[in-house]
Amino acid sequence: MTMFKGKTAIVTGSARGIGQAIALELARNGADLVICDVKAEWLSETESLLRELGANVTCKELDVTSAEATQKVINEIAEENGRIDILVNNAGITRDGLLMRMSEEDWDAVLTVNLKGTFNCTKAVTRIMMKQRTGSIINIASVVGVMGNAGQANYAASKGGVIAFTKSVAKELASRNIRANAIAPGFISSKMTDALSDEVRQKMLEAIPLNAFGTPQDIANAVTFLASDNSSYITGQVLNVNGGMIMQ
Ligand code: NDP
């Protein structure tokens, strides 16, 4: 597939999980991939899977919480690849706990990676995409950022913030033909969901009309759509990928 031939895509937090699936799907559709994570050595698995697909791939060590490091890495990518077409802000963490027991440290850690990290990367690509007069920014939010969740006040606030941030950026950059959208995944299969007891799994599935957890590939497919010209008239939206868990 050549949908993204000659285009450069950056995926943050792409050492594993959903970020890895996103990087692979963009590569299958012809994009040149820049994969990043906190430690460069964690990227080796994603890198070899991308190379098996025959993709052009660059690995960058990037902790998105540092504005300075982020700008430096994004500038390097722009110089090396000549352009940045797609940014997927996927890096994210959880530090769950009830509000009464939530430490300031856990609040700050989640807001700093999930929300400030998204701000840092988006700001860093803006000038480059504005010059090109084209770009697609996709922020991975969460169903929890739309509906809230007991025990995840910090995470829900960060993802709700990502959604409001996305809409604001979409308004600021639309005149330069830069689109910004968010994806709100529901429950996605992972090592964490695999480890749940049958009883807990069953309870979670009861809340999902399609009666199944999503897969990282479901999110990767949604990202591919929002990154492509097939969504050229869509900006400032939240795409819910949740098996019908919430309907808006
Ligand atoms: P994972 O924890 O499997 O992967 C996230 C990646 O981001 C990890 O490699 C992680 O590295 C990296 N990361 C963490 N902090 C930083 C940082 N400061 N800078 C750069 N990279 C960082 O998560 P998932 O694949 O499950 O989730 C991906 C995204 O999807 C997240 O934004 C998450 O909030 C969102 N999401 C996930 C859902 C799910 O059910 N899994 C549901 C809804 C949303 P490290 O090894 O250090 O943690």
Side-chain angles (χ1 to χ4, degrees), residues 10-25 34-47 49 59-74 87-96 106 108-122 124 137-149 152 154-163 165-166 182-196 200-201 204-205 207-208 212-220 222-223 238-243 245-246:
I10 303 172
V11 186
T12 67
S14 42
R16 57 189 165 97
I18 294 171
Q20 182 181 80
I22 293 169
L24 292 174
E25 189 57 26
V34 182
I35 52 174
C36 345
D37 216 300
V38 181
K39 291 271 172 252
E41 58 264 31
W42 298 345
L43 292 164
S44 57
E45 182 183 288
T46 308
E47 182 186 12
L49 291 169
C59 299
K60 294 284 180 192
E61 182 162 301
L62 174 61
D63 179 342
V64 297
T65 62
S66 163
E68 200 185 333
T70 302
Q71 188 66 67
K72 186 169 162 283
V73 166
I74 296 285
L87 168 68
V88 186
N89 285 306
N90 166 79
I93 61 167
T94 52
R95 295 278 186 278
D96 297 351
D106 284 348
D108 285 346
V110 170
L111 269 288
T112 306
V113 175
N114 298 5
L115 186 53
K116 187 182 168 197
T118 298
F119 159 75
N120 284 342
C121 295
T122 306
I137 298 162
I138 298 148
N139 298 326
I140 307 301
S142 168
V143 65
V144 163
V146 181
M147 67 177 203
N149 198 21
Q152 289 195 307
N154 50 357
Y155 184 73
S158 74
K159 296 299 191 176
V162 164
I163 289 171
F165 173 75
T166 305
I183 292 175
F187 291 128
I188 303 302
S189 292
S190 63
K191 282 188 191 123
M192 188 197 84
T193 49
D194 294 347
L196 297 171
V200 174
R201 281 176 74 84
M204 289 167 83
L205 286 172
I208 307 172
F213 294 126
T215 64
Q217 186 62 41
D218 290 320
I219 307 307
V223 167
V238 183
L239 181 50
N240 292 296
V241 183
N242 61 28
M245 210 176 136
I246 55 164

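Just so you know, ligand 1 is whichever comes first in the structure, and atom 1 is the first atom listed for that ligand. Worth saying up front: this structure is predicted, and the values here are computed from it rather than measured.
Atom 16 (C) of ligand 1 has its nearest heavy-atom neighbour, among Ile18, Val143, Asn120, Val38, in Val38.
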Checklist entry - Between Arg16 and Trp42, does a side-chain contact (heavy atoms from CB on, under 4.5 Å) hold up when you go through it step by step? => result CA-CA 8 Å; Arg16 57 189 165 97; Trp42 298 345; over 6 Å; no

Next on the checklist: I'd like to know whether Val110 forms a side-chain contact (heavy atoms from CB on, under 4.5 Å) with Thr94, so could you lay out the CA-CA distance, the side-chain angles of the two residues, the decisive distance to 0.1 Å, and finally the verdict.
Outcome noted: CA-CA 6 Å; Val110 170; Thr94 52; 5.6 Å; no

Next on the checklist: Determine whether Thr166 and Val238 satisfy the following criterion, side-chain contact (heavy atoms from CB on, under 4.5 Å), listing intermediate values before the conclusion.
Outcome noted: CA-CA 9 Å; Thr166 305; Val238 183; over 6 Å; no

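For Arg16, a nitrogen or oxygen atom sits less than 3.5 Å from a nitrogen or oxygen atom of ligand 1, counting backbone and side chain alike. Looking at Val64 next to ligand 1, an N or O pair under 3.5 Å apart turns up. Residue Thr65 has no N or O atom closer than 3.5 Å to an N or O atom of ligand 1. Residue Ile188 has at least one nitrogen or oxygen atom sitting less than 3.5 Å from a nitrogen or oxygen atom of ligand 1, judged on distance alone. Between Lys159 and ligand 1, a contact under 3.5 Å exists for at least one N or O pair. Close N/O approach between Asp63 and ligand 1 is found [any backbone or side-chain N/O within under 3.5 Å].
Residue-level proximity to ligand 1 for Val113 is carried by the side chain, the only part with a heavy atom below 4.0 angstrom. Looking at Leu62 against ligand 1, only its backbone comes within 4.0 Å, counting heavy atoms. Both the backbone and the side chain of Ala91 come within 4.0 Å of ligand 1, counting heavy atoms alone.
Nearest heavy-atom pair, Met245 versus Ala207, reported as atom, atom and distance to 0.1 Å: CG-O, 3.5 Å.
No donor-acceptor distance shorter than 3.5 angstrom exists from the side chain of Asn240 to the backbone of Asn242, with no hydrogens or angles considered. Side-chain atoms of Lys116 never come within 3.5 Å of backbone atoms of Ser66 as a donor-acceptor pair (strictly under, hydrogens ignored). Using a distance-only test at 3.5 Å, with no hydrogens or angles considered, a donor-acceptor pair links the side chain of Thr12 to the main chain of Ala91. The backbone N or O of Val162 sits nowhere less than 3.5 Å from a side-chain atom of Asn114 that would complete a donor-acceptor pair.
Using a 4.0 Å cut-off to heavy atoms of Gly186, the atoms of ligand 1 that qualify are 40 (O), 42 (C), 43 (C). Against a heavy-atom cut-off of under 4.0 Å, Ser142 is close to the following atoms of ligand 1: 43 (C), 44 (C). Near Gly92, with a cut-off below 4.0 Å to any heavy atom, the atoms of ligand 1 are 5 (C), 7 (O), 31 (C), 32 (O). Near Ile93, meaning under 4.0 Å from one of its heavy atoms, ligand 1 places the atoms 14 (C), 15 (N). Of all atoms in ligand 1, listed by their number and element, those nearer than 4.0 Å to a heavy atom of Gly17 are 25 (O).
By the 6.0 Å contact criterion, CD on Glu41 is enclosed, its count of non-hydrogen atoms from other residues, nucleotides or ligands being greater than 12.
Among Asn120, Thr122, Thr118, the single residue meeting the side-chain hydrogen bond (donor to acceptor under 3.5 Å, both in side chains) criterion with Asn89 is Thr122. When each of Asp37, Asn90, Thr46 is checked for a side-chain hydrogen bond (donor to acceptor under 3.5 Å, both in side chains) with Gln20, only Thr46 meets the rule.
Using a 4.0 Å heavy-atom cutoff, Cys36 is absent from the residues neighbouring ligand 1. Taking a 4.0 Å cut-off on heavy atoms, Ile140 registers as neighbouring ligand 1. By the 4.0 Å heavy-atom criterion, Tyr155 is counted among the residues contacting ligand 1. Put simply, no part of Ala184 is less than 4.0 Å from ligand 1, judged by heavy atoms.
Residues Val223 and Glu25 form no side-chain contact, since every pair of their non-hydrogen atoms from C-beta on lies 4.5 Å or further apart.
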